Novice: 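Could you have a look at this structure, given as structure tokens, before my questions?
Order of the sequence lines fixes the chain letters, A, B, ..., with proteins taken first and strands second; residue numbering starts at 1 for each chain. None of the values given here were measured: they were computed from a predicted structure.
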Amino acid sequence: MEISLQAALDLLNPAQREAVVASGGHLLVLAGAGSGKTRVIVYRIAWLIAEQRVPAQAILAVTFTNKAAGEMRERLLDLLGREIEGMWVGTFHGLSHKFLRLHWQEASLPESFQVIDGDDQLQSIRRLFKTMGINEDRFEPKKIQAYINRKKDEGVRANQLPPAENPYEKVQQEIYAEYEKVCEKNGLVDFAELLLRCYELLKNNTELFNHYRARFSHLLVDEFQDTNGIQYQWLSLLASPTSSVTVVGDDDQSIYGWRGAKIENIRRFEREFKDTRMVRLEQNYRSTSTILAAANALISYNPSRFGKTLWTDGIAGEPISLYAGFNEEDEALYVVREIRRWLDKGRKFDEIGLLYRSNAQSRVLEESLVRSGVPYRIYGGLRFFERAEIKDALAYLRLVVNLDDNAAFERVINVPPRGIGDRSLEKIQELSRECGVSYWAAAKEAVKRQLLTGKIESSLRGFIAIIQGLCDIVLEDSLSKIIQAVIHDSGLLRFFKEQEGEKSQNRAENLEELINAASDYELENPTQDELSPITAFLSYTSLEAGDRKSGVEESAVQLMTLHSAKGLEFPLVFICGLEDGLFPHHFSRETPTALEEERRLCYVGVTRAREKLHLSYAEKRRIFGRDEERQPSRFIREIPENLIEETKRKVVVRASAFNESAFGSQSSMTSMAMGVESEHGYRLGQRVLHPKFGEGNVLDHEGSGERTRIHVKFDNYGSKWLALAYAKLEPV
DNA sequence: GTGTAGGTGGTTTTT
DNA sequence: CCACCTACAC
């Protein structure tokens, strides 16, 4: 295995090799986009283990996402040919979680503490508002949530805050303090708390502090430009005077400042970790020199950079295309036309990335893709474990393992609807406050005291019976069996199955999928000692929300925001909506630092492209229902003109992509999108002729029989809804 | 207690 | 414009 590692090292460029084999002291790797950053970090770990004889358990490697951690583990396995046992690999949150599970007593947490995600956190803040009698109009729960997380990310507890300067701040602080109490009481740990708690534990517990500092002689952090305050402190604390810290990052790709990432951490590292060697990875292996020149020019408008200049010995390739759409639909049609041209060259759908600044932009693009039969996959929206129905099922599970979990109780007491509404819940809550017991205990008490009317009481009895029944099987059954019981006995599955509509059917399917997720989890994580499998699974669902992309594994164009494109690459990339106010976003226009971050975001987008880059904007765009004139983004002007080739728009705006022949055999969606001929004889995308409005394309239809109306986009008259019975339309 | 009409507001997202 | 949430009628 060392032979293959040596062979692999020989293929690296000098800078990469220097970074991989640097020894003694700390290492800061400034790795430009596409410069082989991940490879370097993986090889470095392999080199430490295989060549330097560093024991695996002395290594701690931090990544930013679970996916990245998984990839790292996999690549190490490939390289070393064996599992790297004892090595800690994961996200800051994942590692902190592991740490707290191992040392829950020292951290003064209950053994079965629960990890809550942002959604749960917001809910508990909402609940807090109610109990504290705070008006949601004056204090938005979301703002308070952001405030609490910001403070925790800075490492500041409620009792460490400076005295409030105004009444608003005072209330904020009070809520923070109260929130801490509630979490403490219920054994809940939010994401920021994982880090803070872990940090405090290390800081205050000398024994653990000494142990872990001695253990981890090598610490490595990827995506270092995205670390926040507490993460930096966490790292500093864990690094002993004799350990070696490697951080890898790119200041030019820091795009998460708005959620607390501190780009300054790079400079701070250089300053505070003495004896740091800096290595720059500037050779790019991804993009054509044209694309790279554009990226370099763009990012050079940002002052105060570390100053890397990416270069490549690759070919110039094609110029960057720029298209000024008449409106956003025209822009979308341009995208479709260019996708088609790409396909005509024998290329594939999955080589294409379609990027935009905000999710709202995806709709128009999607519509255009559907109509022309382009298969696509969209990243964004809720992930599996974040879906409401899944969270409902998991809340049942939470309640079953911990009957005192009031949040879980509140979530499921009337889901599916069983006639126990706000009024009855309030009664239970009141009783709970009076007796100083959990909602669950109060509910049982309410039945005993006959506080509720007959119908509601029997519903409540039913609910209690369900939960108790589930409690009984928890001890003897496997995780997936328990989940199965949960979704059946709770009535959730039946509820969705009985409801009409695709949405509900989908939810029912998701619930069934949850059983699979649980049994997969069981297979991959054979009984972790001590920790109950249910608690472990619940933590897993919070920490790793599951995949974002929808399941179908067909070659498809990938649509996503620029943020989610980070770390990916595509032979062909479109960046849409390059308009002033959209990208850069108008919220970011005011402050220079925000604008710089937007520019970095654009830089990220540009550097995703390997072969060909398309930039586009619309001269008119519907913003909140209003047609507005748009100006091209300044980022377009910041790219040298000689790299750009502007595509001229046709004089008449035509929805012409529709009629062109299908996308060849690659597209199985084509028939679905284009071939469906409705009862009235017109199909989507078909050319039609109107005596007054001239020619156009069918966009949509609704109704049937005499009431059929079809939506036609005319070449010269815009788009109109026409009643088929009256309009004298002819197919062309 | 539950469904639907009006009002509101509307970046980026991982853990 | 559209999705989400809150306020009222059944």
Novice: Measure from the ring centre of Phe624(A) to the centre of the six-membered ring in the base of dG9(B), then say whether that distance is under 5.5 Å and the planes meet at under 30°.
Specialist: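 The ring of Phe624(A) is not stacked on dG9(B).
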
Novice: When the aromatic ring centroids of Trp258(A) and His563(A) are compared, is their separation below 6.0 Å?
Specialist: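 Yes: the rings meet the under 6.0 Å criterion.
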
Novice: Do Arg600(A) and Tyr603(A) meet the cation-pi criteria used here (NZ or CZ under 6.0 Å from the six-membered ring centre, within 45° of the axis)?
Specialist: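 The answer is no; the distance or angle limit is not met.
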
Novice: Check every strand shown and say whether Arg621(A) touches a base, only sugar-phosphate, or nothing at a heavy-atom separation below 4.0 Å.
Specialist: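 Answer is nothing: Arg621(A) stays at 4.0 Å or more from every strand.
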
Novice: Taking the six-membered ring of Phe113(A), is NZ or CZ of Arg101(A) closer than 6.0 Å to its centre and within 45° of its axis?
Specialist: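 Yes, a cation-pi geometry.
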
Novice: Nearest to the side chain of Ser424(A), heavy atoms from C-beta on, is which of dC1(C), dG1(B), dT11(B)?
Specialist: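 In terms of side-chain proximity for Ser424(A), the closest of dC1(C), dG1(B), dT11(B) is dG1(B).
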
Novice: Gln361(A) has an atom CD; how far is it from atom P of dC2(C), in whole Å?
Specialist: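 Atom-to-atom, Gln361(A) to dC2(C), this comes out as 16 Å.
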
Novice: Would you kindly compare Ile456(A) and Gly118(A) by the position of their nearest DNA chain B nucleotide and give the one closer to the 5′ end?
Specialist: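 Final value for this comparison: Ile456(A).
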
Novice: Output yes when Arg157(A) and Glu180(A) qualify as a salt bridge under the 4.0 Å nitrogen-oxygen rule, no when they do not.
Specialist: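 Answer for the salt bridge query: yes.
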
Novice: From the set dG1(B), dT11(B), dT15(B), return the single nucleotide nearest to any side-chain atom of Glu386(A).
Specialist: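 The closest nucleotide is dT15(B).
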
Novice: Contact class for Arg626(A) vs. all strands (heavy atom < 4.0 Å): base, sugar-phosphate, or nothing?
Specialist: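 Result for Arg626(A) = nothing.
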
Novice: Which parts of residues 252-262 of chain A get close to DNA chain B, meaning a heavy atom less than 4.0 angstrom away?
Specialist: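 The answer is Tyr256(A), Trp258(A), Arg259(A).
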
Novice: Round to a whole Å and report the spacing from CD of Glu367(A) to P of dC2(C).
Specialist: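 After rounding, the reported distance stands at 8 Å.
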
Novice: Within the pair Asn359(A) and dT12(B), is there a side-chain N or O less than 4.0 Å away from OP1 or OP2?
Specialist: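 Result: yes.
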
Novice: Less than 6.0 angstrom separating the ring centers of Phe463(A) and Phe409(A), yes or no?
Specialist: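 Phe463(A) vs Phe409(A): aromatic centres under 6.0 Å.
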
Novice: Would you check if His93(A) stacks with the base of dT15(B), given a 5.5 Å centroid limit and a 30° plane limit, both strict?
Specialist: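 The ring of His93(A) is not stacked on dT15(B).
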
Novice: Counting any heavy atom closer than 4.0 Å, what does Gly625(A) reach on the DNA or RNA strands: base, sugar-phosphate only, or nothing?
Specialist: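 Base contact - Gly625(A) has a heavy atom under 4.0 Å of at least one base atom.
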
Novice: So what does Glu598(A) touch, heavy atoms closer than 4.0 Å: a base, only the sugar-phosphate, or nothing?
Specialist: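 Base contact.
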
Novice: Should the pair Glu386(A)-Lys391(A) be classified as a salt bridge under the 4.0 Å nitrogen-to-oxygen rule?
Specialist: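 Salt bridge flag = no for Lys391(A) with Glu386(A).
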
Novice: Taking atom P in both dC4(C) and dT13(B), compute the distance separating them and give it to the nearest angstrom.
Specialist: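 One P to the other, the span is 16 Å.
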
Novice: Calculate the interatomic distance between Leu122(A) atom CG and dC4(C) atom C1'; express it in whole Å.
Specialist: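 In whole Å, dC4(C) C1' lies 14 Å from Leu122(A) CG.
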
Novice: With nearest nucleotide decided by heavy atoms, which residue, Phe587(A) or Lys67(A), maps closer to the 5′ end of DNA chain B?
Specialist: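 On the 5' side of the pair lies Phe587(A).
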
Novice: Could you check how far CD of Glu223(A) sits from C1' of dT13(B), rounded to whole Å?
Specialist: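 It works out to 14 Å between those atoms.
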
Novice: In whole angstrom, what separates Leu425(A)'s CG from dG1(B)'s P?
Specialist: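 In whole Å, dG1(B) P and Leu425(A) CG are 10 Å from each other.
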
Novice: Is the phosphate of dT15(B), meaning OP1 or OP2, less than 4.0 Å from a side-chain N or O of Ser542(A)?
Specialist: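 For dT15(B), OP1/OP2 do not have a side-chain N/O of Ser542(A) under 4.0 Å.
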
Novice: How long is the line joining CD of Gln499(A) and P of dT2(B), in whole Å?
Specialist: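 That distance rounds to 13 Å.
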
Novice: Please determine if a side-chain N or O atom of Asn414(A) lies less than 4.0 Å away from the OP1 or OP2 oxygen of dG1(B).
Specialist: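 Answer no for this pair, as no side-chain N or O of Asn414(A) is under 4.0 Å from OP1 or OP2.
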
Novice: From the set dT11(B), dC1(C), dT12(B), return the single nucleotide nearest to any side-chain atom of Ser588(A).
Specialist: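 Nearest listed nucleotide: dT11(B).
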
Novice: I'd like to know whether the aromatic ring centres of His103(A) and Tyr212(A) sit less than 6.0 Å apart in this structure.
Specialist: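 Aromatic pair counts; centres sit under 6.0 Å.
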
Novice: Please determine if a side-chain N or O atom of Ser564(A) lies less than 4.0 Å away from the OP1 or OP2 oxygen of dT13(B).
Specialist: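 Answer is yes, contact under 4.0 Å.
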
Novice: C1' atom, dA3(C) versus dT14(B): distance in rounded Å?
Specialist: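 24 Å, rounded to whole Å.
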
Novice: Choose from dC1(C), dT2(B), dT15(B) the nucleotide whose nearest atom is closest to any side-chain atom of Pro417(A).
Specialist: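 In terms of side-chain proximity for Pro417(A), the closest of dC1(C), dT2(B), dT15(B) is dT2(B).
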
Novice: For the pair made of CZ in Phe64(A) and P in dT15(B), what is the distance, rounded to whole Å?
Specialist: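 Distance, rounded to whole Å: 9 Å.
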
Novice: Report the nucleotide, chosen from dT13(B), dT11(B), dT15(B), that has the shortest atom-to-atom distance to any side-chain atom of Thr91(A).
Specialist: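 Of all the options, the side chain of Thr91(A) is nearest to dT15(B).
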
Novice: Charged N to carboxylate O under 4.0 angstrom, Arg387(A) versus Asp392(A)?
Specialist: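 Salt bridge absent between Arg387(A) and Asp392(A).
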
Novice: Heavy atoms only, 4.0 Å cut-off, all strands: where does Asp226(A) land among base, sugar-phosphate and nothing?
Specialist: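 The residue Asp226(A) makes no contact with any strand.
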
Novice: Among dT13(B), dT11(B), dT15(B), find the nucleotide with the atom closest to the side chain of Arg383(A).
Specialist: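 Between dT13(B), dT11(B), dT15(B), the one nearest the side chain of Arg383(A) would be dT15(B).
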
Novice: Using side-chain hydrogen bond (donor to acceptor under 3.5 Å, both in side chains) as the criterion, point out the one residue from Arg589(A), Arg630(A), His586(A), Gln631(A) that pairs with Asp580(A).
Specialist: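 Among Arg589(A), Arg630(A), His586(A), Gln631(A), the one that satisfies the side-chain hydrogen bond (donor to acceptor under 3.5 Å, both in side chains) with Asp580(A) is Arg589(A).
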
Novice: I need the CD-C1' distance between Gln225(A) and dT13(B), as an integer number of Å.
Specialist: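 Result: 15 Å.
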
Novice: Between dT15(B) and Asn228(A), is there an OP1 or OP2 to side-chain N/O distance shorter than 4.0 Å?
Specialist: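 No, no such contact exists.
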
